[in-house]
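First up is the structure itself, then whatever we jot down about it.
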Amino acid sequence: MKIACFSTKSYDRSSFDRLLPESDHSFSYFEAKLDFHTLSLAEGHQAICSFVNDHIDAAMMKKMAKMGIGLIALRCAGYNQIDLKAAVENGIKIVRVPAYSPEAVAEHAFALILTLARKTHKAYNRVRDNNFSIEGLTGVNIHGKTIGVIGTGAIGRAFCRIAKGFGCKVLAYDVVENEEMKKLGVTYQPIDEVLGNSHIISLHCPLTPETHHLINAETIAQMQDGVALINTSRGALVETKAVIKALKTKKIGFLGIDVYEQEENIFFKNLSEEIMQDEQIARLMTFPNVLVTGHQAFLTKEALAQISATTLANITAFEKGEELLNEVKG
Ligand code: NAD
């Protein structure tokens, strides 16, 4: 099959190119983000391969159907960016990569926690300037802390295992409780109790209408003073305005984010020569206790290999008319 791959970065290309000789598929790589206009680049292809910030709405689905595109192969787990109803109406199948090294994201969440807790980002800069003073670098132990996990799916569970290894008390909230986690010693509680009882809160639930702005002024008020909030899931789980306010009052003591509600126009781009127009991210970056990474939690060699292998297997299953094990149904 001929597949038009959008929002392509060098690491996508090399990981697909490694596997393509073993398949009958050919990829056209486009750096452009997928939108109504760039969709024309997919003329002559039978499938589209897209990523997290490639929003596909009803008008685009209609255009795809006219172009003869029958499959959207998402090279990510989340699918909140897709109009699933419109996909069904236009007979377009959606497949995704449900789990690609959940440990990659869970470990990144912990990297954010450890960096903030031990100020290694500051130490790194200091010693490079031959400044070996440790004044102002006092950290906090993770051992013995209570960590609240919202969403114990593949990533949340990997995160809980790491947290247990650190000697933390782990609380969790999920709409479906997981027996393996209970055996591990994770305690499920209603969400307000998890928020209220945790020193560190890590978000691992998907973005849905129910979870949109799950973290807002009201839910922040339920949290402990000085709480650490970690978001490696989706930006819009968090109302940024409320978080900035809580950082100013020190209600939130640490913030680590790999995702941001308005990330679409910022992340995955080198804007170092430009003037930042987004006031909220600019404000967030002024706080010494805030760490922002640009949606890189998934970015490990192992995860990339898994993403390309699963995406190609999804495409092959579609081509052969086999059962789509990783289909996202509308
Ligand atoms: P998953 O589907 O395995 O798990 C999601 C869990 O959230 C499930 O257990 C589900 O029951 C639970 N859930 C659903 N609605 C909920 C609610 N209202 N409250 C609490 N829990 C709820 O997904 P996953 O693989 O663990 O991924 C989780 C999220 O991580 C994805 O949706 C995606 O947005 C994000 N993600 C981010 C990156 C990154 O690079 N930053 C990479 C992969 C995934």
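Model, not experiment: these values are computed from the prediction. First listed ligand is number 1; within each ligand, the first listed atom is number 1. Values below: every heavy atom of this structure, side chains too, minus hydrogens, waters and symmetry copies.
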Take Lys269 and Glu31 through the test salt bridge (Lys or Arg N to Asp or Glu O under 4.0 Å) and record every step on the way to the result. CA-CA 11 Å; Lys269 293 178 187 167; Glu31 278 180 37; over 6 Å; no

Check whether the ring centres of Phe16 and Tyr11 lie less than 6.0 Å apart, and answer yes or no. no

Assess, by modelled atom type and distance only, whether the side chains of Thr38 and Asp35 contain a donor and an acceptor separated by less than 3.5 Å. yes

Looking just at side-chain N and O atoms, do Thr152 and Tyr188 make a donor-acceptor pair shorter than 3.5 Å?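 A donor-acceptor contact under 3.5 Å links the two side chains.
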
Charged N to carboxylate O under 4.0 angstrom, Glu327 versus Arg96? no

Got a sec, which residues hit side-chain contact (heavy atoms from CB on, under 4.5 Å) with Val243, two or more places apart in sequence or on another chain?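 With neighbours one apart ignored, the set is Ile215, Ile220, Leu229, Val238, Leu247, Ile252, Leu255.
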
List, ordered by chain and residue number, the protein residues whose closest non-hydrogen atom lies under 4.0 Å from any atom of ligand 1.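 Within 4.0 Å of ligand 1, the protein residues are Pro98, Tyr100, Val105, Gly151, Thr152, Gly153, Ala154, Ile155, Tyr173, Asp174, Val175, His204, Cys205, Pro206, Thr211, Thr232, Ser233, Arg234, Asp258, His295, Ala297, Phe298.
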
